[in-house]
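What follows is one structure encoded as structure tokens, with my remarks underneath.
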Amino acid sequence: MKILLMCSVFNSLTQAVYTVLIDKGHQVSVAYAISEVQMLTEIEDFEPEFILCPFLKRYLPESIYDNYPTFIVHPGPIGDRGPNALEYALQNHTKEWGVVIVKANKLYDGGDIYAQKNFKVRETSKASLYRQEIVRTTLQALEAFFTNLKNNEVTPQILNPIHEHFNQLKRSIDWLKDDTDTIIRKIHISDSFPGVLDEIMGVSCYLFGVHKEDKLRGSPKEILAKRNGAICLGTIDSAVWISHLKEVGGFKLPATYVLKDKLIGIKEDRLPLLFDKSYETFYEVSVAKRDNVAYLYFNFHNGAMSAEQCIRLKYAIEYLKSECEVLVLLGGRDFFSNGIHLNLLEDSAKQGEDGWANINAMNDLVHSILYADEVVTIASFGCNAGAGGVFMGLACDYVVGKEGVVLNPHYKTMGLSGSEYHTYSLPKRVGKEIADTLLDECLPLSVEKAKVLGMIDEIYEEKSYDEALHNFAQNTYSDDFIWEKQDYLEKYKEHIEAFKEQELEIMHTEFWSATSDFHTLRHKFVYKVCPRETPERLKLRSNKESVYA
């Protein structure tokens, strides 16, 4: 079928829907919902059989849904109508929530329902719930949608009142009355957008990334400590860590970068390199061991990795090589990794210097993975990965993915040619022609398609993923494998390093030149500048062969 995806942003849900439809053989094009004229022009150019809207910030004009079958993915169950559905679900401690695919009409979320699926609600942030449960449930609903669309089986929507916008008054924290659990819930409800508006040390800013603290204590809102960019604030009954802040009119940064000199005299409360998780606190890197396997977690906010975070992770890998036979890189709660830290580079007064340091630190990290010849290394793409994060994973001996995960194995949309040894690791798995196509087309890729291409070794379903991953990991180690790996790396080390050096030679100008596209594209990305048109790469190109087809 010819399907047009209409969206405000090509976000994680839209990308997941896009890759599934592509994998099923549909002709799929994307149009951004920018203006009525622009949308109608792109619809007429493509002539879709129907329009599917996974993520919209605005209501569509009637000129679209009156003339084309149009369906909206709504992150709520039957009867839920209006904006901020997940905020209301979390505020009300809802145990079960859902996703519906509803036909667009003049009633806000009021059309007939063509698919519905429910899920259990975790105690987590809105962002994590969206990236995981909402995405998985939408993909399940999509299967039912096609059957019901074919058979014209619909369920009338229950026309409950439309809930109002979830404004900052509903999100605000009263530090003198709200206990720790309430503060955590309020920040979770607003993460990763728009955040909770507050004032910290005289700075008006939005709060993100909250973590409970078991040991430190102080007065409500008193800053007790800092750690890896986060700050710890006292509450009426304990304390919380806030990892990120966004000044009004600014962009999201680690909290210490926003507060800067205001934190002089605040102690750095350090943790061991690999935290044992013996109490609740803020941490980024931890390890779990089972049998002969070590699982390395690196829960970096939004998957972005600064030079300092890369160095810490490298040290962790170097240490663990002598502590296990198989080392599995797991990434974080919602992302495996998305490569270098663009927000920190945008904030830097020395963008070229800090960018260069970041990519070299990332390469040093990948080097430690590539040359870990005492152990078997496995990348677990249990969550989405992008840019350098994908290629960091491909540096491992084996790559395993969880069904439904989306990869973005490219750099060009940020004006970069990329490094992380990708010109070695990607062609080694898929061949040069496919590697060049992946890097050039800049489209998301399902792990299912990645396995077909040779990027992924195995894929396991979500409900049994952890156990399947462990069984796979246990069966990879052998003395013969290690000996062959050591011989190979010793023989080809100069060859492998030449790829990295060539990558960096190209990237040098991209970081250091004042006219580099990287600076412009990074600025637009960090400040979330609204696009003026749909990117050409997302429009269906019927006359061009693609590995995605």
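Sequence positions, counted from 1, serve as the residue numbers for this chain. Quick note: numbers below take in every heavy atom, side chains included, and nothing from hydrogens, waters or symmetry partners.
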- Worked check of ring pair (Phe, Tyr, Trp, His ring centres under 6.0 Å) between F472 and Y398: CA-CA 10 Å; F472 176 86; Y398 296 99; 5.5 Å; yes
- Query: Minimum heavy-atom separation for K402 to E462, with atom names?
  - Reply: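 In terms of heavy atoms, the two residues are closest at CD-CG, 3.9 Å.
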- Query: Can you check side-chain contact (heavy atoms from CB on, under 4.5 Å) on I242 and L233, steps first, answer last?
  - Reply: CA-CA 8 Å; I242 306 296; L233 287 82; 3.9 Å; yes
- Item | Worked check of ring pair (Phe, Tyr, Trp, His ring centres under 6.0 Å) between Y18 and F10 | CA-CA 9 Å; Y18 176 89; F10 198 50; 5.6 Å; yes
Classify the angle between the aromatic ring planes of [X] and [Y] as parallel (below 30°), tilted (30 to 60°) or perpendicular (above 60°).
X    : Y    : result
F145 : F71  : perpendicular
H244 : H341 : parallel
Y527 : F251 : perpendicular

- Message: Evaluate L107 against L159 for side-chain contact (heavy atoms from CB on, under 4.5 Å), listing each step before the verdict.
- Response: CA-CA 9 Å; L107 300 176; L159 297 178; 4.2 Å; yes
- Task: State plainly whether the residues K126 and D191 are in salt-bridge range, i.e. N to O under 4.0 Å.
- Result: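 Salt bridge flag = no for D191 with K126.
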- Check ion pair K221-D198 (N to O, under 4.0 angstrom):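 Salt bridge flag = yes for D198 with K221.
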- Message: As a test of understanding, state which of W241, F275, F298 forms a ring-ring contact (aromatic ring centres under 6.0 Å, His included) with Y283.
- Response: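 Exactly one pass, corresponding to F275.
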- Item | Test log, rule ring pair (Phe, Tyr, Trp, His ring centres under 6.0 Å), inputs F193 and F208 | CA-CA 9 Å; F193 180 84; F208 305 90; 8.4 Å; no
- Item | Verdict with reasoning, D354 to W356, per side-chain contact (heavy atoms from CB on, under 4.5 Å) | CA-CA 5 Å; D354 285 344; W356 191 244; over 6 Å; no
- Carefully, step by step, assess E164 and K170 under the rule salt bridge (Lys or Arg N to Asp or Glu O under 4.0 Å). CA-CA 11 Å; E164 60 188 28; K170 299 177 186 293; 3.1 Å; yes
- Message: Looking only at the aromatic ring of each residue, does the gap between the centers of Y411 and F391 stay below 6.0 angstrom?
- Response: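 Distance test on ring centres: under 6.0 Å, yes.
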